[in-house]
Amino acid sequence: MQGQLESMSEPSAEQPLIERVAMLSVHTSPVAALGGPDSGGMNVYVNELSRWLARTGINVDVFTRRLDQTTPRILELEEGLRLIQVEAGPPHPVHKDELFCHIPDFASDMAFFALQQGVRYDIVHGHYWLSGWAAQLLKEHWHAPTVQMYHTMAHLKNAVATDAHRETILRLQIERRLVEISDGLIAANPDERKEMIHKLGAPSDQIHLVPPGVDLELFQPHDPEQARAELDLPDGPIVLFVGRIDPVKGIDTLFAGFKRLLDQRDWAGAEPTLVFVGGELDDSGESPIFGDALQKLQQEARELGIESQVLFRGSQTRERLPLYYSAADVCTVPSRYESFGLVAVEAMACGTPIVASRVGGLQFTVRDEQSGLLVPHSDPLALAAGLERVLTDERLSRTLCAGARRAAIRYSWQMVSTSMVEVYQQLANIEAAAPIKVAR
Ligand code: UDP
């Protein structure tokens, strides 16, 4: 398959070398606290990929929209990696559906920044459709090839969304348009690649398959008993959920399935506890803020009669998450759609089995019956049955625990960044030989 990165070659003397990359993350910063409505896998991805690229000697500037008046224009995150605050729209949080009209300003301010700094970029890498559009507008100013990563695609979200949560026609149109005008597209898994070809009309040789990675040093198995004690978790089986509070995450299925799990068996005084990680934390970083989203979930848990068995822990730092994963008997990812599902890979890296929906990237990262169980999405009964199997069948649980880490080590960031440099290099070579496509 073209775009698949088996043939890694040293650039020859004539090939342009990748020295500087502009990474665009318009609507959310790679250093934002995670677990909020707009901060999850993409933030982790941009942060990790940029760090790993910087370690290979490439200068990476990550551009994000300014959200306050106080953060300096340039933040040096580590050697070779800078975070640039871009002036576009009001300097406070704005819903992402209202950001499109500020994208021209975003592109202009980026161009101005490059002019002031006297730098040119060899590649412009856009994340999410808003950044993809900014990358295209930049072609008016820069002659650098663009790489687009969707992270989520509107038509896939809409296929499983209720009317209130449907993505806009504008987003659907821009996502199609980005296929025509981007120089390269990154698909995180074969499913996403298929969608790009069949639903967005992308030519297959424009798509490069590069899965995201996991920090295998941070996400390692810890002693489960010590982890439980440190996190002050109750005795009995622990089912863990980690993720943003978003309809696509299937939290309704999770609650209904968990209720079923509690009801369908006599747990003889050792009922499972659902530990819910996600939502915001207060300023001390200690307690979850029961803002609208978490309060609503608490209310739903009360209505279902499961509140005594659900622990809401708010969002957690990456440093704490390995403890949560290690303390859990099973981590569940009941999403309706998931382009990759970093949580599943992180949990597996900690040796924790998964019960996940058979959707998107989860079909490739979770090895069914080897590192976890795949169940149909939006099906509480199937979810409950999967969870019960893992919690009560010791032999299965041992097999899955052993298979989990093995499944996760296929996704190292080092491999991902090496593959990405190869994509950048290919596109730079093509660009050197032919003019770039310009958005009109
Ligand atoms: N995450 C985190 N703290 C939280 C909740 C989530 O660090 O409280 C991280 C989680 O570890 C994972 C990312 O956010 O790396 C979520 O990525 P995933 O691909 O699972 O979901 P997405 O947010 O992309 O839908």
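Just follow the structure's listing: the first ligand is 1, and inside any ligand the first atom is 1. As the structure is a prediction and not an experimental result, all values here were calculated from the model.
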Looking only at heavy atoms, is any part of [X] under 4.0 Å from ligand 1, and if so is it the side chain, the backbone, or both, or is it neither?
X    : result
L321 : side chain
V44  : side chain
V242 : side chain
K249 : side chain

- [ ] Among all protein heavy atoms, pick out the one at the shortest distance from atom 9 (C) of ligand 1; state its residue, atom name and that distance to 0.1 Å.
- [x]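 Looking only at protein heavy atoms, the one closest to atom 9 (C) of ligand 1 is R318 NH1, 3.7 Å.
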Open item on the list: Looking only at protein heavy atoms, which one is nearest to atom 20 (O) of ligand 1, and what is the separation?
Closed with: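 Residue, atom and distance for the closest contact: V343 N, 3.1 Å.
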TODO: Show your working on side-chain contact (heavy atoms from CB on, under 4.5 Å) between L374 and V355 and close with a plain yes or no.
DONE: CA-CA 6 Å; L374 292 172; V355 175; over 6 Å; no
Task: Check ion pair R51-E79 (N to O, under 4.0 angstrom) - done: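 Looking at R51 and E79, the cut-off is not met.
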Based purely on interatomic distance, does [X] place a nitrogen or oxygen under 3.5 Å from a nitrogen or oxygen of ligand 1?
X    : answer
G41  : yes
R244 : yes
L342 : yes

Task: Ring centers of Y45, W413 separated by less than 6.0 Å - done: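 Yes; W413 has its ring centre under 6.0 Å from that of Y45.
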Task: Ring centre gap for F364 and F340 strictly below 6.0 Å - done: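 When the ring centroids of F364 and F340 are compared, they turn out to be at least 6.0 Å apart.
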Task: Nearest non-hydrogen partners of S131 and V26, listed with the distance - done: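 Taking S131 first and V26 second, the nearest heavy atoms are OG-N, 2.9 Å.
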TODO: May I ask you to check whether E307 and Q298 show a side-chain donor-acceptor distance below 3.5 Å?
DONE: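 No, no side-chain donor-acceptor pair sits under 3.5 Å.
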